[in-house]
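Sequence lines set the chain letters: A, B, ... in the order given, protein chains first and strands last, and positions in each chain run from 1. Worth knowing before you read on, the calculation uses all heavy atoms, side chains too, and leaves out hydrogens, waters and symmetry mates.
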Amino acid sequence: MALAKWVEPREPTSRPRARGLFVWARSYRGSHNKGAKPRDRRIKITQVNQGASKMSDHEMEKLRHSAAHVMAEAVLKLFPDAKFGIGPAIDNGFYYDFDLPRALSPEDLEQISERMKASIQAKKTFEREVVSRQEAMQIFGDQPYKLELLQEMPPDETISVYRHGEFVDLCRGPHVEHTGELRWDSFALLSIAGAYWRGDENRPMLQRIYGTVWRNKQELRAHLEHLEEVQRRDHRRVGRELDLFSTHEEAGPGLIYWHPKGGRIREIIEDFWRKRHREGGYELLYTPHIGRSWLWETSGHLDFFQEGMFPPMDVDGQDYYLKPMNCPFHIMIYNTDVRSYRELPLRWAELGTVYRYERSGVLHGLLRVRGLTQDDAHIICTPDQIEDEILGVLRFSLQLWHDLGFEDIQAYLATRPEKAVGDDAMWEQALGSLRKALEAEEIPYEIDEGGGAFYGPKIDLKINDALGREWQMTTIQFDFNEPERFDMTYTGADGQEHRPYMVHRALLGALERFFGVLIEHYGGAFPVWFAPVQVRLIPIADRHAAYAKQVGERLRAAGLRIEMDDSSNRMNAKIREAQLAKIPYMLVIGDREVEDETVSVRLRTNENLGAMSVDAFLERANDLVARRANHEL
RNA sequence: GCCCACGUAGCUCAGGCGGUAGAGCACAUUCUUGGUAAGAAUGAGGUCAUGGGUUCAAGUCCCAUCGUGGGCUCCA
């Protein structure tokens, strides 16, 4: 992820931040904004709705696209001068872009909705008509965006328009038979958003209305409930409720403050991560946070990535930059010595905090920030070793995800873009080893043709969370560029100098972002092994506090993270609070427990296990921690 | 960055057409000592994001700035 580096300076003036620059920018394929490509189809329906729709994708798409037309019809009635952009079907719904004389308000959505219902009840027929280019130009004479689309269509393309009622749209179709196939109670307009015409920030900003449409009322309700669930799990909300992290306007946006409880989770995951890396043959590095411009000139960052970097600071007349990536620092360490093929492969990892200038409008909670800690590593090896190394990284990554409770993973294999460094043979070998690794692990993958960085091909892993949403997290990238630029070498068995292969990889991506996904995946109910507080002791009355404290000390000594609620609240209130804090275990202690030297165990699932000895409880909890159980309590 | 919306107590939010602020939760104190999701009373808390402007008078209207949120190539 974060390794996706400088991009080809393809169109430096108009679109300086083209694709590939920030892999993670587009990684959330949410309910209504992403995922047109066919490869997304199979995961687009969220859990809640799975099975709810018996319609094929194709039929649903027709329905959604037709809904877009009906909405456009309603907008036309309200704004006779409206100019129309495009209105496609998308995952779970549709949108349409309009150029309108004034800004839309939520009240407008109600009106538009009402008009749509009227149109649906009128059962207007969708009529397809093939027209000549001339006719089309005439029909859409006052529709500049449609005319632009027309002009771009290849000369031999069949041009069709669809009409229903008074509305006519340039459209390939297909559509449902008539508007009555939509149901007045099965669609909803969700939001208004700005959207550049054709996604180009140099072109006019249109107003986009997003809507969702379903086959019936029940499906719509299920979808709306799903959206509510997404909101309930929003990491910004849960982060505040559970006191995990914060950001501060006064202190700079996009910078994350980890509170004690968030810090605990991070500490546990980092410890686990380090342990795994040591076992996996990695060495851990620590490198500086800033570096002189020489470093970034040499690496090429100043040529290709400067916009993503914070401006330089002047130190004794020298420019220093906050690091946006760790790789040049690792290379500096590599180059401190003459390297032999005998010491390769080197696997060097670092939890390296980097800083990137993100435009203000794209910052988003933990998911898009300006200061982030990558779980970065660089593997430096000989061409002979590359295949094993890639397979090793892939397995390593999958195991890590498994241990963290994510099982549903797929991959994208990005191949050589038009302009690229490195010769064809290198690309072919690199790509071959990536592909082989994916096939060896039997991971479903799609080829992202030409989607590689200019400096090398890559594998990106996408992780599906508990709500069926897809997140791009892991990236494994070849780099044919930096070894060259920094003149990295090793001495081969032949006594000659050779250029090593270098692979960048980030598995969790960035700890901040990973934390955000983790929070949403578990909805704040973290597994026992990394729950910030595992046990809350709940003495019923003050006279039970001494025994509770004793129990607490035993649990603490056994390695559990505990809290004691010795407030003056009633037991019910204490339970409620522990429940809301999503603490796995509530140990209720009253007269009976003191008498029998037991604890009463209540789970955050509302399940009550009844009284058991402290030893029995410890055994249960420690077992789950040791196994890193992700769902059992 | 751009479009739109928003910024009122720690949190979630009320505050017609301008007349110097209110609730619930949280917090503090006191009472209550309880058996599996909220016991009660009292109290403290706000330069209404910041800076300008209009006005006799500005959370309220205007402008700017900062921040937050929804979006910004699913292709007729």
Side-chain angles (χ1 to χ4, degrees), chain A residues 15-17 19 26 29-30 32-38 40-41 44 61 64-65 84-91 93-95 97 102-106 136 140 143 145-150 152-153 157 159-162 169-173 190-210 234 236-237 240-241 243 247-250 252-254 307 358-365 538-545 568-580 586 588-593 600-604 606-611:
Chain A
R15 309 196 59 186
R17 308 187 124 228
R19 59 192 283 200
R26 290 280 176 267
R29 299 186 174 274
H32 65 248
N33 56 340
K34 304 270 155 44
K37 298 181 186 170
D40 296 317
R41 291 279 145 71
K44 74 188 172 187
E61 205 171 311
R64 288 173 181 146
H65 186 48
F84 294 85
I86 59 168
I90 57 174
D91 283 356
F94 57 93
Y95 69 75
D97 287 343
R102 66 164 174 87
L104 289 167
S105 69
F140 300 106
Q143 291 290 338
Y145 304 106
K146 296 292 176 192
L147 286 177
E148 183 178 327
L149 294 171
L150 267 170
E152 285 175 18
M153 282 167 51
E157 178 112 0
I159 297 172
S160 61
V161 300
Y162 273 81
D169 200 355
L170 181 64
C171 181
R172 178 164 46 206
L190 297 175
S191 62
I192 305 164
Y196 295 109
W197 169 236
R198 317 211 96 182
D200 183 342
E201 65 187 30
N202 297 311
R203 315 203 58 181
M205 175 72 71
L206 307 181
Q207 299 193 67
R208 175 172 299 179
I209 302 176
Y210 282 104
D234 188 301
R236 293 162 298 187
R237 173 180 176 156
R240 196 185 308 110
E241 286 168 354
D243 197 14
T247 56
H248 300 273
E249 164 179 351
E250 321 84 284
E307 285 192 36
E358 299 278 5
R359 301 153 114 198
S360 59
V362 304
L363 297 175
H364 181 90
I538 300 181
I540 291 178
D542 285 351
R543 64 176 180 279
H544 309 125
S568 65
N569 277 334
R570 298 190 59 210
M571 185 204 63
N572 276 11
K574 292 181 181 182
I575 285 175
R576 178 167 194 270
E577 279 173 19
Q579 190 79 42
L580 290 174
M586 287 155 254
V588 177
I589 290 166
D591 289 335
R592 295 201 293 265
E593 287 75 17
S600 242
V601 182
R602 184 188 204 278
L603 307 181
R604 68 179 167 210
N606 286 329
E607 200 179 342
N608 197 343
L609 300 183

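Contacts of A:Asn608 with the nucleic acid, taken as non-hydrogen atoms under 4.0 Å apart, include base atoms. Here A:Ala541 lies in heavy-atom contact (under 4.0 Å) with a base. A:Gly85 comes within 4.0 angstrom of nothing in the nucleic acid, heavy atoms only. Note on A:Ile538: nothing from the nucleic acid sits closer than 4.0 angstrom, heavy atoms only.
A sub-4.0 Å separation between OP1 or OP2 of B:U12 and a side-chain N or O of A:Arg240 is present. Between A:Arg602 and the phosphate of B:A37, there is a side-chain N or O to OP1/OP2 separation shorter than 4.0 Å. Remark: A:Asn572 is in phosphate contact with B:A38, judged by side-chain N or O atoms under 4.0 Å from OP1 or OP2.
Between the NE2 atom in A:His544 and the CD1 atom in A:Ile538 there is a gap of 13.5 Å [rounded to 0.5 Å]. Atom-to-atom distance recorded for A:Gln207:CD and A:Leu104:CG is 4.0 Å, nearest 0.5 angstrom.
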Please list, for nucleotides 28-31 of chain B, all pairs of protein and nucleotide N/O atoms separated by less than 3.5 Å.
none

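Residues A:Arg543 and A:Asp591 have side chains in contact (heavy-atom distance under 4.5 Å, counting atoms from C-beta outward).
Taking 4.0 Å as the cut-off between side-chain N and carboxylate O, A:Asp234 and A:Arg236 count as a salt-bridged pair.
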Take nucleotides 44-52 of chain B nucleotide by nucleotide from the 5' end and write B, S or -, depending on whether a protein heavy atom sits under 4.0 Å from the base, only from the sugar-phosphate, or from neither. ---------
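Taking the P atoms as reference points, B:C4 lies 25 Å from B:G16, given to the whole Å.
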